[in-house]
Each structure stands twice: as C-alpha cells, then as structure tokens.
Protein chains: 2
Amino acid sequence: MFSKACEYGIKAAIYITQNSLLNNRVSLKEIAAEIDSPVAFTAKILQDLARNQVVTSIKGARGGFEIHNPGELKLSQIVKAIDSDDVYKGCGLGLVKCDELNPCPIHDKFKVVRENLKEMLENTSLKELALKLDDGTTVLKI
Amino acid sequence: MFSKACEYGIKAAIYITQNSLLNNRVSLKEIAAEIDSPVAFTAKILQDLARNQVVTSIKGARGGFEIHNPGELKLSQIVKAIDSDDVYKGCGLGLVKCDELNPCPIHDKFKVVRENLKEMLENTSLKELALKLDDGTTVLKI
DNA sequence: CAGAAATAGGATATAATTGTCCGATTTAAC
DNA sequence: GTTAAATCGGACAATTATATCCTATTTCTG
Ligand code: FES
Ligand code: FES
C-alpha cells in the first residue's frame with residue numbers, strides 16, 4: 001500500500017508528535033531506534049518531511065525534530081509528501097489519470113475503496129495517533 | 001496500490017476473459033497491444049498467472065491464452081498470485097503482522113479501509129469486469 | 001574559543017522491480 | 001516432414017527504491 005519510506009515517515013512523525021506534546025525534542029538516532037528503521041534512510045525521509053513543513057528540524061547540539069501542529073497535521077500530508085497522492089487519487093489499474101469519462105473496468109468499485117482511504121488519511125491527525133501510543137494501546141515496532 | 005506487474009496482470013486477465021466469453025483465444029502480442037504493456041514483461045506475468053491456474057496457456061501455432069471460469073475468478077486471486085495478499089491483509093505501517101493484540105497506531109482506521117478493499121477484491125469477478133468492456137463503458141488503455 | 005553533538009546533503013552501494021533479448025520447445029497447417 | 005507461429009524460460013539490462021557512508025555545517029556547552 002505505502003512505500004517503506006512512507007511507513008517510516010508516518011511512524012517517525014507519530015513518535016515525534018508524542019514527544020512534542022510533552023515539549024520533548026527528539027533526535028534522529030532516538031527516532032530510528034523507537035520505530036526500528038535504518039538511521040541514515042530515516043534521516044533522508046525526515047529531511048523530506050522538514051522541506052514539506054511537516055516536521056521542524058533543529059540543527060546543532062541538542063538539536064532534533066519537533067512537530068508544532070500535530071492536531072492539524074493529517075496522514076494525507078505525509079503520504080502526499082513522500083509517496084505522492086496517487087495512492088488515494090490515482091487509477092487502480094495505472095491509467096495515467098482516473099477519468100470519470102474514460103474509466104477503467106474497476107473504476108466504480110475501486111473508487112469507493114480509494115475514497116474511503118482518502119477520507120481516512122485526510123481525517124486522521126498525528127495528534128490522535130500519538131495519544132494512542134501514550135495509552136499503550138498501540139505500538140510502533142514489534 | 002498495486003505493482004505494475006499486478007496492474008498488467010489484471011488488465012490482461014480482463015481482456016482474455018472478454019475474448020474467452022466469445023470462445024476467442026488471444027495471443028500475447030494481441031494482449032500486450034490491447035492493454036498497452038511491454039510484451040516480454042507481460043509474458044512473464046501471464047506465465048505466473050498460468051502457474052497459478054488463473055489463465056490457461058496453449059503453446060504452439062494458434063496458441064494463446066484463455067480463461068475458463070471467469071465468473072468464479074476474483075480479483076483477489078490475481079492480486080494474491082502477483083503481489084501477495086499483503087495489500088489487503090498486512091499492516092498499513094509494515095509491522096511484520098497485523099496483530100489485534102499489538103496493533104499499530106493506524107490499525108483501527110486502516111483495518112476498515114483494508115477490509116473494504118478485501119471485500120471488493122474478493123467479490124469482483126473477471127466476468128463482470130469483462131462485460132463492462134463489452135458495453136464500451138470502460139477502457140483498458142488511454 | 002574549542003570541542004562535542006547534532007542535522008544536511010552529496011556520493012555511493014545494494015536490492016527489488018520493471019523491462020528486454022534470445023534460444024528452446026510445442027503445435028498447427030501445409 | 002517442414003515450416004511457421006506461438007509460449008516457455010533463462011539470462012541480462014535498466015530503473016527505481018532502499019540503505020549506507022562520509023564530510024560539511026550548525027549550535028550548544030564548557
Ligand atoms: S479510471 Fe481506474 S480507478 Fe478510475
Ligand atoms: S497492526 Fe498495523 S494495520 Fe493492523
């Protein structure tokens with residue numbers, strides 16, 4: 001469904017959010033350890049998310065990553081930044097564009113699923129996901 | 001969502017079905033032309049689908065591909081054969097297994113979308129998709 | 001100011017996916 | 001039987017995704 005980069009990006013963002021809600025800035029190393037991802041690859045993804053204003057990066061000693069508006073940040077913004085919005089907007093059979101006027105054979109049925117995914121991604125905030133981590137009701141790794 | 005291989009596989013299967021319903025065996029070259037896919041790559045995918053009893057291949061002159069039970073064949077069987085069933089069964093954040101007892105933060109919401117996709121794939125037959133092609137209401141390429 | 005800790009970013013390496021090529025084999029048609 | 005048309009299958013090539021390494025830069029701390 002999502003690329004590895006996107007999976008890491010979402011998990012990282014949730015972990016950063018969990019800590020930012022406590023005014024706790026976190027480092028790349030800590031993030032990678034907590035979400036069980038390759039450190040340098042995660043660095044690239046976080047740079048990408050920083051360029052897209054999803055996370056804020058602070059350089060230098062005691063630097064790290066923060067997220068300032070986790071209540072407003074939706075999963076869709078992360079997916080779009082990393083994977084493009086094709087997964088929740090594109091044609092399921094890879095036609096260049098999902099076009100109502102020239103639909104592919106699965107269009108009608110696929111559209112429902114895709115809209116469902118789109119709604120979910122657009123209505124799920126980082127904050128609510130981070131709160132479930134606090135609960136201990138969910139996990140970011142094994 | 002699906003891999004290129006899977007997209008080609010689905011389109012090929014629909015096109016073969018459309019022709020098999022008319023007792024019309026189709027060749028690799030014709031299939032690739034009709035779904036706008038690379039010929040040799042499509043060959044590999046059809047071999048795979050033949051090994052998985054989705055399509056029947058006939059070798060030799062006047063050979064080609066057929067599908068014998070398009071009413072019973074569901075999209076899920078094609079997706080599973082080519083991409084594995086991870087896309088409609090696996091964890092959205094890439095945890096090794098989607099485990100109700102140790103769910104990831106998006107589990108509750110993602111599960112709904114994924115089940116929706118699963119139902120769709122399991123309840124959509126090649127035959128019904130091929131009939132929409134006959135209609136002219138849908139297309140397999142541009 | 002010097003040193004340490006941290007991100008940024010370019011270059012490179014590896015793996016997976018996508019795509020191509022070609023000879024072997026099968027089968028129909030003449 | 002010979003030939004032509006077709007799939008099969010192995011090897012290869014190109015591209016993209018994933019992952020690593022190293023140096024530069026920034027900034028806190030002492
Ligand atoms: S055209 Fe394929 S999903 Fe809309
Ligand atoms: S554990 Fe991630 S979707 Fe179920």
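Naming convention: chains lettered A, B, ... in sequence-line order (proteins, then strands); numbering from 1 in each chain. As a basis for the values below, the full set of heavy atoms in this structure was taken, side chains included, without hydrogen atoms, waters or symmetry mates.
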Using nucleotides 4-7 of chain C, report all nitrogen or oxygen pairs with the protein that are shorter than 3.5 Å.
unit_1	atom_1	unit_2	atom_2	d
dA5(C)	N3	Ala61(A)	N	3.3
dT7(C)	OP1	Leu28(A)	N	2.6

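Put simply, Tyr8(A) has a side-chain N or O that comes within less than 4.0 Å of OP1 or OP2 on dA19(D).
For Asn69(A), there are no side-chain hydrogen bond (donor to acceptor under 3.5 Å, both in side chains) partners at least two apart in sequence or on another chain. Partners of Val55(A) by side chain to side chain contact (heavy atoms under 4.5 Å, CB included), not counting sequence neighbours, listed by chain and number: Ile16(A), Leu49(A), Ala50(A), Phe65(A), Ile67(A). For Asn123(B), there are no side-chain hydrogen bond (donor to acceptor under 3.5 Å, both in side chains) partners at least two apart in sequence or on another chain. Partners of Tyr88(A) according to the ring pair (Phe, Tyr, Trp, His ring centres under 6.0 Å) rule, which considers only residues two or more places apart in sequence or in another chain, do not exist here. Taking the ring pair (Phe, Tyr, Trp, His ring centres under 6.0 Å) definition, one finds that Tyr8(B) meets it with Phe41(B), sequence neighbours left out. Residues passing the side-chain hydrogen bond (donor to acceptor under 3.5 Å, both in side chains) test with Lys59(B), sequence neighbours excluded: none. Evaluation of the side chain to side chain contact (heavy atoms under 4.5 Å, CB included) rule for Lys127(B) yields Leu21(B), Pro70(B), Ser125(B), Leu131(B) as partners, not counting sequence neighbours.
The hydrophobic cluster containing Ile78(B) also contains Leu133(B), counting ILVMFWY residues as joined when their side-chain heavy atoms lie under 4.5 angstrom apart, directly or transitively.
In this model, a donor atom of one side chain and an acceptor atom of the other lie less than 3.5 Å apart for Thr124(A) and Lys109(B).
The salt bridge (charged side-chain N to carboxylate O under 4.0 Å, His left out) analysis of residues 17-40 of chain A, with sequence neighbours excluded, yields the pairs Arg25(A)-Glu66(A).
Contacts between residues 77-96 of chain A and DNA chain C, counted as heavy-atom distances below 4.0 Å, involve no residue at all. Contact check of residues 35-46 of chain A against DNA chain D (heavy atom, cut-off under 4.0 Å) returns Pro38(A), Ala40(A), Phe41(A), Lys44(A).
Residues Leu46(A) and Ser57(A) are not in side-chain contact: their nearest non-hydrogen atoms beyond the backbone lie 4.5 Å or more apart.
Atom pair Met1(A):CE and dA17(D):C1' shows a separation of 19 Å (rounding to whole Å applied). For the pair Glu7(B) CD and dT18(C) P, the interatomic distance rounds to 9 Å; values are reported in whole Å.
Where Phe2(A) and Arg25(A) meet DNA chain D, the nucleotide closest to each residue was compared, and Phe2(A) sits on the side nearer the 5' end.
Taking each heavy atom of Lys74(A) and Leu121(A) in turn, the nearest pair found is CB-O, 3.6 Å.
A donor-acceptor pair is defined here as one N or O able to donate and one able to accept, closer than 3.5 Å; no such pair exists between the side chain of Asn116(B) and the backbone of Val112(B).
Note that the two end axes of the helix from dC1(C)-dG30(D) to dC30(C)-dG1(D) enclose an angle of 0°, each drawn from 5 base pairs, rounded to 10 degrees.
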